Each structure stands twice: as structure tokens, then as C-alpha cells.
Amino acid sequence: MTLDRAALEELRKRAQAGGAEKYHAANAAKGKLFARERVDLLVDPGSFVEDGRYANAMADGLPADGVVTGQATVDGRPVCLMANDSTVKAGSWGARTVEKIIRIIERAYETGVPMVYLVDSAGARITDQVDLFPGRRGAGHIFWNQVRASGSIPQACALFGPSAAGGAYIPAFCDVVAMVDGNASMYLGSDRMVEMVTGEKTTLEAMGGAKVHCEQSGVGHFLCKSEAEAIATIRRYLSYLPSSYRERPPAVEAQEPPEIDLAALIPPSERQAFDMRRFVKGVLDKDSFFEIQARWAKELTVGFGRLDGKVVGVVANNSMFKGGVLFVDSADKATRFVQLCDAFNVPLLFLADVPGFMVGTAVEKQGIIRHGAKMISAVSEATVPKICVVVRKAYGAGLYAMAGPGFVPDATIALPSAKIAVMGAEAAVNAVYANKIAAIADEDERAAFVAARRAEYEQDIDLVRLASELVVDSIVEPAELRTELIHRYAATSGKDRHFARRHHGVTPV
Ligand SMILES: CCC(=O)SCCNC(=O)CCNC(=O)[C@H](O)C(C)(C)COP(=O)(O)OP(=O)(O)OC[C@H]1O[C@@H](n2cnc3c(N)ncnc32)[C@H](O)[C@@H]1OP(=O)(O)O
């Protein structure tokens, strides 16, 4: 039987309308947009081509499937996308939902274009589980596809509502997750399930809300005030990345940086904190710095920016928070960001002002060695152009983690304020001379002894000596840094990207 125009139009309207009005009203009351409105905000007008619109058209009682999928352009560049429709069974995954999601990730991977996930979902549709859960093309195959696509194409997620149980792994396998404050949540077991299993009384917000994940767990990257802001954030993220690992990031017209006196930013005393984010802004093209995970592990700042119009990834210690010391979370934050840049051909800029990794019982119990080793491993394996700038201090394994000379950077540049050493003078004198210091009874004599040993130590790590012994490649005034970096990155374009003969390394401890 031929489908006439009116019948097709009717079918289309029904599929596009999503679930019953009461579910739309409930969403609107929470300030949530409809899945198709989210797609419209993401893509260039008129560019969306939908797949599987009529999935479930013949299904019992359901007007449509629980997900919208297809391809479109964002800023003129092709992307693939999926958007859960939470008006259909809370956006849970039926058998067709799973198949549609798998197909669109496969398409993105095979065609080498970014995959965007607009998530608002109850996870697997429990009532249909045999059809969707265990099989070869069941829900697990979504994650398998995401893992395969990781580092091959950008994967970005905006989370607007719940992302329950298995659904929580879709964001987790993305490069970045933007979460809408107040509505977005991610959790493995719902509040009801948690109470049943552990007796704990909690809420989705308290357990897995946007603030929890963007400020404490590190699973979220951007805390957004609205759905529009979350989608704009994803669009901005994509603007820094190539469509796939085979391409270079898109360049734009160069902008001069804002007028910031970089030298005046760095306090003379290394005990005095300063905001490295301002230093970063003073080096990069105006308004180009796009910080990632700004609310989590703030002792380390990471993000994309542009130098002379070309994208760089910045990893910078920030002494405003915890003195810029590296902790387990900041090591994880750096590890992931370095891998992200390395995967997508984004040159790395390390700005070091680091006393080292944190010491003590608490961090040892948290596995600081394990986390620190992962960061050092990622920095070692990164074969994109990488430049280490020692802004102030680079002590101990902090120097290694920030791509110091042993980690084959394309250059190690020191500012005149730089100090490179196994540790700071005070700690070094204490480490070597503690017994001798304790044996000096007279207070003045003791102070003089310590001062003399400090002076010897400072001489030992003198910056000019380090330059003369080729530990640093150059000593550069802060005002000259930007130009120096632009020239040095320009000279790395033909860099050989091979690291080691093997399939892949083994994650350190
Ligand atoms: C891979 C393994 C997995 O993913 S296992 C997935 C397990 N999922 C869960 O435990 C989540 C269960 N659902 C929830 O907690 C809530 O529905 C959440 C997601 C918080 C949304 O709440 P709310 O917006 O109030 O919607 P609601 O609960 O009223 O549900 C609306 C209708 O959708 C249905 N629904 C919900 N979740 C599922 C599901 N996972 N499978 C099947 N149906 C589901 C509800 O029954 C409800 O249907 P109806 O309106 O009563 O006809």
C-alpha cells in the first residue's frame, strides 16, 4: 500500500512530537527543553538530517523512539549527534534506541566527524531488557563503540537531566561533559536503589548533581546555568578540535593578547601566590582561553587557547590554590587533558610553577604515586609539539610532570624568575643538614649556618649555570615569551609523532 502525503505527514508529526503532553509539561516546569529544540540550538539552521525517525512507529503505545539521531553541521563542519527524548519513557533505551545510538556512533567513527551526545536518560529500558541489554548489539556495544572512537573523533556530551546507571557511562566515555546546574545528574544507582542497597538516604542532586561532578568527582567538565549555555559550550569545545585524529585543529585569524604586564604578575617571593590564569591570558590571543574543569583540582589549570590563531593546549600550575602543589585529582586532570591534546594534534604548552607532588599520609593512601605516575606517563607518551616554560619554580617530580627536559619537550624555556631543582632551598638544607643543624646550640650560629648552606644551594641551582649546561634552551623575558613560543611552535610542524615500538603501554600501577 502506497503511503500518501497526508499519511506520511501525520506519521512524521507523531514521531516528531515525542511523548504525551504531560511529560512535555513536566519537563517545561523544570526549565528543560524538548530534545528537538536542543538539536536546533546545537546545529546550523536547516542542516539536520535525521535517521530512524520512524523507529518504533508500529510499537505498542509508544509514539516514537526515545532518541533522536542524525547528522548536521556545526559552524559549517559536519557532526553526528544523538539526543535522548525524555518524554518517551524518561529517555530510557529501548531496543531501537540502542540500535540508533550504535549506528550513529559507527557513522561518526567511520566518516571521521565529531559525535555529540545530548543526554537526558533513565538508562536501559528495564521492561525491554532482553531486546536491548545483553546481545552483540545490545547496550554494551554503545560503550564499545565509544571506546573505539575515543581519540579518533571528538566526543562531547551535554547533560540536561538524569543519566542513570548504564546511561552514566555515555558521558564518562566522552572527552568532555557540560552539565546543567539543578537538572543534570549522573549516578550508577538511583536514590531509591541506594537506599535499598545501603540504607543511605540521599537525592539525585546530592549524590550525582552537576556541582558534585564538576567540583568534587571530576566527572563533569563545565557547570552551566542553562541548557543554552551547555550547548554553546559544546559548540565552543568543537571549535578548538579537528574533526578527527587525521586532521589538524582549525586555525583562525590571530589576535593580539590583552595588555597584561606578565613580569609584574610574578611576585618576587616564591611563597607568594599569583593567578596563573591571568598569566595564561596575557600570553594567548585575546579571549581565546577556554578553560576545562575550572572548578575541580584548581591547583592545576588546563584548557585550550590560541597563539597567533593556532590552537594550543595549556597545562599550568596555579599557586592561588594549594600553592600549586600536584595532588591526585590534579594529576588525573592533567593526564586526561594531555592525552586529549595528543590524540587531536593539539600542541602542548606547559607553564610550570610547581613545588612538586603533595606528600603525607593522606595522599599516599589516595595513591599519589599511582596518579602522579599516570601524569608523567601521559606527558612522556605525548608526541605532539610540547614546550615547557618554567615560570617560577619547578621542583622535584613536578619538573618531570610538567614536561621538563627529560621528557623530550621541543624546548625548555626559563623566565628570569625560574628555579629548577630537586627541591626548594629550605627543604634541601633540612634534608642534608638536619643532624648538623640540631647539634648547633647557639641560635645565631645555627641561623648563620643555615643561611650559608642556603646560599651554597642557591648557587648550585643558578639559572645561568643551568643554561650554560644546556638544561634550559633559553632564558626569555616574560614580555618576549609569546613571540618566542609562536616561532618555536611554527618550527615543529613536521615533527615525527612516533613514541615506542609496541601496541600500547601498561597503565602505571
Ligand atoms: C545498562 C544498565 C542500565 O542502564 S540499568 C538502567 C536502570 N535505570 C534506572 O534505574 C533509572 C530508573 N528511572 C528513574 O530513576 C527515573 O525515571 C528518572 C530517570 C530519575 C526520571 O524520573 P522522572 O522524570 O520523574 O520520570 P518517571 O520516573 O516518572 O518516569 C517516566 C516514565 O518512564 C518510565 N521509566 C523510567 N525509567 C525507566 C526505565 N529505566 N525503564 C523503563 N521505563 C522507565 C517510568 O516507568 C514512567 O513511565 P509511566 O509514565 O509510569 O508510564
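For this chain, numbers begin at 1 and follow the sequence in order. Counting convention: from 1, in listed order, for ligands and their atoms alike. The structure presented is a predicted model; accordingly, all values stated were derived computationally and were not measured. In what follows, every heavy atom counts, from backbone to side chain, and hydrogens, waters and symmetry copies are set aside.
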Any protein heavy atom under 4.0 Å from atom 5 (S) of ligand 1?
yes
Which option wins on minimum heavy-atom distance to atom 2 (C) of ligand 1: S190, G94, G166?
G166
Are E247 and R77 within salt-bridge range, i.e. N to O under 4.0 Å?
no
Looking at R53, I want to see if its CZ is surrounded by more than 12 non-hydrogen atoms of other residues, nucleotides or ligands under 6.0 Å.
yes
Between R103 and D51, does any NZ, NE, NH1 or NH2 come within less than 4.0 Å of an OD or OE carboxylate oxygen?
no
I'd like to know if atom 33 (O) of ligand 1 has any protein heavy atom within a distance of less than 4.0 Å.
yes
Compute the shortest N/O to N/O distance between I126 and ligand 1 and return yes if it is under 3.5 Å, no if not.
yes
Can a cation-pi geometry be assigned to R306 and F290, taking NZ or CZ under 6.0 Å from the six-membered ring centre and within 45° of the ring axis?
no
Heavy-atom distance from atom 46 (O) of ligand 1 to the protein below 4.0 Å?
no
Out of all atoms in ligand 1, which are within 4.0 Å of some heavy atom of R125? Include the element for each.
41 (N), 42 (C)
Just jot down the ligand 1 atoms closer than 4.0 angstrom to any heavy atom of A165, in number order.
3 (C), 4 (O), 5 (S), 6 (C), 7 (C)
Pair R497 + D342: basic N to acidic O under 4.0 Å:
yes
Does at least one non-hydrogen atom of K30 fall below 4.0 angstrom from an atom of ligand 1?
yes
With atoms numbered from 1 as shown, which atoms in ligand 1 lie under 4.0 angstrom from a non-hydrogen atom of P162?
19 (C)
Ion pair check, K211 and D181, cut-off under 4.0 Å:
yes
Atom 49 (P) of ligand 1 protein-contacted, heavy-atom criterion under 4.0 angstrom:
yes
Side chains of L307 and V283, heavy atoms from C-beta outward: is any pair under 4.5 Å?
yes
Counting non-hydrogen protein atoms only, what is the nearest one to atom 52 (O) of ligand 1? Give residue, atom name and distance.
K89 NZ, 3.3 Å
Would you say the ring centroid of Y23 lies under 6.0 angstrom from that of F34?
no
Give a yes or no on whether atom 16 (C) of ligand 1 lies under 4.0 Å from any heavy atom of the protein.
no
Test side-chain hydrogen bond (donor to acceptor under 3.5 Å, both in side chains) applied to T97 and D65, step by step:
CA-CA 6 Å; T97 325; D65 184 47; 2.7 Å; yes
Heavy atoms only: which of A164, A122, G123 lies closest to atom 8 (N) of ligand 1?
A122
How about atom 22 (O) of ligand 1: does it have a protein heavy atom within less than 4.0 Å?
no
Looking only at non-hydrogen atoms, which of G138, A124, A90 approaches atom 39 (C) of ligand 1 most closely?
A124
Does atom 28 (O) of ligand 1 have a protein heavy-atom neighbour under 4.0 Å away?
no
Would R14 and E10 pass as an ion pair if we require N to O under 4.0 Å?
no
Can you list the ligand 1 atoms lying under 4.0 Å from a non-hydrogen atom of Y187?
20 (C)
Candidate pair E381 and R502, rule salt bridge (charged side-chain N to carboxylate O under 4.0 Å, His left out), full reasoning
CA-CA 12 Å; E381 288 176 340; R502 63 184 192 189; 2.5 Å; yes
Below 4.0 angstrom, counting only protein heavy atoms, does anything approach atom 37 (N) of ligand 1?
yes
Atoms of ligand 1, numbered as shown, that sit under 4.0 Å from any heavy atom of Y23
49 (P), 50 (O), 52 (O)
